[in-house]
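Below you'll find the structure, written out as structure tokens, and then a few comments.
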There are 2 protein chains.
Amino acid sequence: MGPDRQAGLRPTARRAIVDAAIRLWAVNPGASLSEVALRAGVGRATLHRHFHGREVLLDEVARICLEEMRDAVGDTVNPHASARERLRAMFEAVVPLGDRYSFLHRESVAAEDAAAGYRAQLDWAAGLVSDLKAEGDLAPDVPSAWVVGQIDQLVWTAWSQVAGGRVAAADAASLCVRTLLEGLGGKR
Amino acid sequence: MGPDRQAGLRPTARRAIVDAAIRLWAVNPGASLSEVALRAGVGRATLHRHFHGREVLLDEVARICLEEMRDAVGDTVNPHASARERLRAMFEAVVPLGDRYSFLHRESVAAEDAAAGYRAQLDWAAGLVSDLKAEGDLAPDVPSAWVVGQIDQLVWTAWSQVAGGRVAAADAASLCVRTLLEGLGGKR
DNA sequence: CCCTTCTGAGACTTCTTTGTCTCATACAAT
DNA sequence: ATTGTATGAGACAAAGAAGTCTCAGAAGGG
């Protein structure tokens with residue numbers, strides 16, 4: 001038996017399955033493994049060979065989603081920029097991953113490393129909120145939990161609006177920042 | 001053995017089933033009919049007597065959710081008030097029904113009258129947005145679809161924050177209006 | 001070309017959910 | 001008390017999904 005046997009020697013099928021699961025479960029969280037295999041263009045047996053059960057696949061999908069989001073944020077957000085600019089860059093990075101995001105939102109992941117990754121994301125967001133307040137971009141009297149909740153929802157809203165063609169992809173990030181910080185009101 | 005079985009009234013079971021389904025499916029959309037019956041304090045056979053199948057129960061739940069939301073809005077919102085005040089009153093009426101709301105959000109309802117009710121709700125919201133713009137409470141350059149999406153998400157966010165004890169119920173509606181129109185920014 | 005590994009298809013079992021049916025019983029109205 | 005209706009419990013079958021196994025064939029490296 002080869003050394004990297006458990007990792008799967010042919011990454012194509014494994015990756016196709018994960019992708020199919022993300023796209024399918026983003027829309028229909030109850031989709032069966034048969035449907036996932038079909039969408040992935042892969043036999044049902046192959047799916048079971050790579051992922052020992054639904055739970056395992058679920059955890060792997062969650063792990064990959066978090067990884068992708070972490071990488072996207074890391075590539076786009078400049079840690080030395082202002083909090084407001086970091087917020088904008090974060091939206092820019094994350095909104096295109098809206099389907100991944102919504103998946104993580106709905107599923108309670110059992111795997112420990114995935115859960116840890118999720119906590120890390122929340123901590124990152126909480127730190128950003130705290131910086132925003134420190135730099136005067138956020139009103140201090142607003143509960144931080146409320147802000148984090150708004151950011152959370154903005155990502156999903158923006159993605160679905162873009163996916164539905166009602167908002168241009170290029171405008172999404174700025175619209176998110178504006179909505180969060182300045183609101184949609186006329187003049188004050 | 002059921003909680004409200006002492007009264008012995010017949011329609012109780014039907015109502016208990018619908019309530020249980022709303023509360024259960026708001027959290028776990030895939031919950032089985034056995035779980036619904038158990039939560040309702042009702043035999044599984046009784047559930048099938050009242051609702052001929054899962055679809056029927058689903059449609060009935062959707063119908064009742066829409067009805068409750070329509071009534072709540074009708075009771076709370078003064079049609080002659082300003083658009084901004086109507087927006088606030090709408091949040092006040094709808095946020096406590098967040099679980100109902102989220103249920104409607106996730107399920108694509110097949111029944112025609114329920115679908116019509118949903119369209120009516122969307123139309124009402126669109127009209128409100130248009131009035132807000134006319135009265136200068138909303139920036140004209142913001143896409144209306146974006147505003148409607150934000151309102152939609154605010155209801156659910158506010159409800160979950162209130163349900164999680166992170167925001168006081170009394171503050172929720174004002175916080176929603178402020179978030180939508182003025183944003184959460186510091187000073188400007 | 002040969003050999004190992006991975007794959008697809010299908011048969012098969014098990015488990016859960018759904019839906020139907022029966023029967024004894026509790027309750028309400030008369 | 002009697003009568004009719006709703007209910008709860010449980011047995012039962014049908015359907016779907018999960019999971020396992022086998023076997024023939026394709027893919028890729030040597």
Side-chain angles (χ1 to χ4, degrees), chain A residues 1-62 64 103 106-111, chain B residues 1-62 64 103 106-111:
Chain A
M1 2 197 101
D4 44 357
R5 172 143 166 44
Q6 53 244 30
L9 270 181
R10 227 165 278 179
T12 334
R14 192 180 180 85
R15 185 66 216 185
I17 292 168
V18 171
D19 279 343
I22 291 175
R23 274 174 297 165
L24 249 178
W25 286 344
V27 178
N28 172 19
S32 71
L33 296 183
S34 307
E35 292 174 85
V36 173
L38 188 69
R39 172 74 78 96
V42 140
R44 205 167 62 89
T46 302
L47 189 151
H48 278 95
R49 272 184 209 107
H50 281 281
F51 307 95
H52 218 262
R54 193 189 181 91
E55 282 300 310
V56 177
L57 176 56
L58 205 73
D59 290 344
E60 176 75 355
V61 168
I64 290 192
F103 168 82
R106 256 193 304 251
E107 303 293 336
S108 319
V109 179
Chain B
M1 303 282 266
D4 34 7
R5 185 133 324 287
Q6 281 84 341
L9 290 175
R10 302 319 211 303
T12 322
R14 191 180 180 87
R15 184 66 213 187
I17 291 168
V18 171
D19 280 341
I22 291 176
R23 274 173 298 166
L24 250 176
W25 286 345
V27 178
N28 172 19
S32 71
L33 296 183
S34 307
E35 293 175 84
V36 173
L38 187 69
R39 172 73 78 95
V42 141
R44 206 169 60 89
T46 302
L47 190 152
H48 278 94
R49 274 185 207 107
H50 280 281
F51 306 96
H52 217 262
R54 192 187 181 91
E55 281 301 310
V56 177
L57 176 56
L58 205 73
D59 291 343
E60 176 75 355
V61 168
I64 290 191
F103 168 83
R106 253 192 307 247
E107 303 292 335
S108 317
V109 179

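Letters A, B, ... are given to chains in the order of the sequence lines, protein chains preceding strands, and every chain is numbered from 1. This one's a predicted model, so the numbers in the text were calculated from it and none came from an experiment.
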**Report entry** B:Val61 vs B:Phe51, side chain to side chain contact (heavy atoms under 4.5 Å, CB included): CA-CA, chis, key distance, verdict
**Finding:** CA-CA 11 Å; B:Val61 168; B:Phe51 306 96; over 6 Å; no
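- Proximity of A:His50 to the phosphate of C:dT7: a side-chain N or O atom is located under 4.0 Å from OP1 or OP2.
- For A:Arg49 against C:dG8, a side-chain-to-base donor-acceptor contact under 3.5 Å is present.
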**Report entry** Intermediate values then yes/no, side chain to side chain contact (heavy atoms under 4.5 Å, CB included), B:Arg49 and B:Thr46
**Finding:** CA-CA 5 Å; B:Arg49 274 185 207 107; B:Thr46 302; 3.4 Å; yes
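- A donor-acceptor contact under 3.5 Å is not formed by the side chain of A:Arg44 with the base of C:dG8.
- One atom, CG of A:Leu57, and another, C1' of D:dG19, lie 14 Å apart when rounded to the nearest Å.
- Following rounding to the nearest Å, B:Trp25 (CH2) and C:dT17 (P) show an atom-to-atom distance of 13 Å.
- Taking atom CG of B:Leu47 as the reference point, atom C1' of C:dT17 lies 13 Å away to the nearest angstrom.
- Looking at heavy-atom distances under 4.0 Å, A:Gly41 makes contact with sugar-phosphate atoms alone, never a base.
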Query raised in the report: Step by step, would you call B:Ile64 with B:Arg15 a side chain to side chain contact (heavy atoms under 4.5 Å, CB included)?
Result: CA-CA 10 Å; B:Ile64 290 191; B:Arg15 184 66 213 187; 3.7 Å; yes
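- B:Arg54 comes within 4.0 angstrom of sugar-phosphate atoms only, judged by non-hydrogen atoms across all strands, and of no base.
- The distance from the CD atom of A:Glu35 to the CG atom of A:Leu38 is 8.0 Å, given to the nearest 0.5 Å.
- Nearest nucleotide to the side chain of B:Ala45, out of C:dT18, D:dT7, D:dG10: D:dG10.
- Rounded to an integer number of Å, the gap from A:Leu58 CG to D:dG19 P is 12 Å.
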Requested in this report: May I have the step-by-step check of side chain to side chain contact (heavy atoms under 4.5 Å, CB included) for B:His50 and B:Glu60, ending in yes or no?
Outcome: CA-CA 11 Å; B:His50 280 281; B:Glu60 176 75 355; over 6 Å; no
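- Atom P of nucleotide D:dA17 and atom CG of A:Leu24 are separated by 13 Å, given to the nearest angstrom.
- Nearer the 5' end of DNA chain D, as judged by each residue's closest nucleotide, is the contact made by B:Thr46, out of B:Thr46 and A:Glu35.
- Across the protein-nucleic acid pair, A:Leu38 atom CG and C:dG10 atom P stand 13 Å apart, rounded to whole Å.
- Residue B:Leu33 has its side chain nearest to C:dG19 when only D:dG19, C:dT7, C:dG19 are considered.
- The NE2 atom of A:His48 sits 12 Å away from the P atom of D:dA17 (whole-angstrom rounding).
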